[in-house]
Amino acid sequence: MTQLVAPSATIPNHLYRNGAIMVIMCGLLWSTAGVGVRYISEASGWHIVFFRSIGLIITIFTVMAWRNKGDLITPLKRTNKLSLLAGVFLGASFFGNIFALLHTSVANVTFLLSSSPFIAALLGWFILGERVKNRTWAAIALTSVGVSVMVGNALSGDGIIGMAFALMMAVFYAAFSVIFRRGKGSDMLPAAVVGGLFSMLVAAVAIDDFAISWVDLSICLALGVFQMGLALVLFISGSKHVSAAELTLLTMLEVILSPIWVWFLFNEHPGNWTLVGGSIIMLGVMVQAIGARRSDAQPQVL
């Protein structure tokens, strides 16, 4: 017997709708990272990571306490090896994110970050033996061309340093995504706490003087609370009710809005080659996501 099965057939409509809304809001919050960093006047990258991590930790602890009626010990006890490893990779990606934004354009950073699902696919294939489908190989090829175009036109000074940090961010976030996918059935909020603690401690070692202006401090904490903390809560909660392909499509809002915000507020033009390379990367994302949705909707034999 053949029956058509929709991508969200096993998920109640209201849960799917709420999950999609949360992921969209997450993308909106993520898109403000470049704006926050551009408004910071004196704080170093280490300061930004340190104080943003504090804001992240406060937010995650608040949510965990609210969910568990003030009990933080029980959810922290559920932290396992996967959560610890995921948290370390997540925390490492924070450094790539901030230092990339300090050395290259917001458009470069966000377009390169959008390649992380394909890096995750390669990591899953190499480490976990997961099969990579033909459409994913095609998307990886397109993404590689796009990244080459962008990197090839930033091979000087701060440009190449920023691109290196952006690629580092994409790789570490891809590693986090692979572990997140394997632990999707468990509570991954402790992983966010681990990520915040890891990045905070590493940054603390590198900082000689913790004094920064009140304005910079407020921006850093706001980035931690809203742009990272609340966004991660929304992403982790929403991803439980949305397919991986739709997650990719919905979070594309970040890639679209991030360059627009800084273009409008700071007149930061992405550059023609960045737009060309970014468009090729986004084509790869669309090939993968739309192909996955069609595959999910194919008739299944029951």
Side-chain angles (χ1 to χ4, degrees), residues 6-37 52 55-56 59-60 62-63 66-67 90 93-94 97 101 106-107 109-118 120 139 143 169-170 173-174 176-177 180-181 184 187-189 191-192 195 222-265 270 278-279 281-297:
S8 56
T10 60
I11 301 175
N13 286 336
H14 71 284
L15 290 179
Y16 171 78
R17 182 180 64 251
N18 292 342
I21 291 172
M22 283 189 281
V23 173
I24 291 171
M25 291 175 63
C26 166
L28 178 61
L29 290 170
W30 274 343
S31 73
T32 62
V35 174
V37 172
R52 188 178 76 153
L56 165 65
T59 303
I60 300 300
T62 301
V63 172
W66 175 70
R67 285 184 176 180
L90 180 64
S93 74
F94 295 163
N97 180 215
L101 288 171
V106 172
V109 176
T110 51
F111 281 136
L112 282 175
L113 179 58
S114 67
S115 69
S116 62
F118 310 120
T143 301
M169 170 191 62
Y173 189 77
F176 165 74
S177 300
F180 177 81
R181 187 170 67 245
K184 197 172 179 180
D187 184 8
M188 292 300 287
L189 280 181
L223 285 172
V225 171
F226 299 104
Q227 185 269 329
M228 187 54 65
L230 182 57
L232 274 174
V233 171
L234 291 168
F235 181 79
I236 291 172
S237 301
S239 64
K240 295 178 180 179
H241 309 300
V242 178
S243 70
E246 288 166 321
L247 271 178
T248 302
L249 287 173
L250 293 173
T251 53
M252 279 174 59
L253 183 65
E254 175 198 7
V255 182
I256 296 168
L257 290 179
S258 293
I260 293 176
W261 296 144
V262 293
W263 195 350
F264 179 73
L265 294 172
S279 297
I281 292 173
M282 295 309 296
L283 178 60
V285 173
M286 295 295 291
V287 166
Q288 167 66 8
I290 293 174
R293 288 199 68 185
R294 288 176 178 172
S295 175
D296 288 341

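Just so we're clear, the structure is a prediction, and the values are computed from it rather than from any experiment.
Side-chain atoms of W30 and M228, non-hydrogen and from C-beta on, do get closer than 4.5 Å to each other. Residues L101 and V106 meet the side-chain proximity criterion, which asks for heavy atoms closer than 4.5 Å.
One distance of note links OG1 of T110 with CE of M169; it measures 8.0 Å at 0.5 Å rounding. The OG1 atom of T62 lies 12.5 Å from the CZ atom of R67; values are rounded to the nearest 0.5 Å. Taking OG1 from T59 and CG from L189, the interatomic distance works out to 11.0 Å, rounded to the nearest 0.5 Å. In this structure, I21 CD1 and M25 CE are separated by 8.5 Å, a value rounded to the nearest 0.5 Å. In this structure, the separation between CG on L230 and CG on L56 is 11.0 Å, given to the nearest 0.5 Å.
Of the possible polar contacts, none joining the S237 side chain to the L234 backbone as a donor-acceptor pair under 3.5 Å is found.
Residue R52 comes nearest to N97 through the heavy atom pair NH1-OD1, 3.4 Å, listed as atom of the first residue, atom of the second, then distance. Summarising the geometry of L232 relative to A192, their closest heavy-atom pair is CD1-CB, 4.1 Å, with the distance given to 0.1 Å. Pairing each heavy atom of S258 with each of S31, the nearest pair is OG-CA, 3.2 Å.
Side-chain contact check for T32 and W261: no donor-acceptor pair (N or O, by modelled atom type) lies under 3.5 Å.
With sequence neighbours excluded, the residues that form a ring-ring contact (aromatic ring centres under 6.0 Å, His included) with Y173 are F176.
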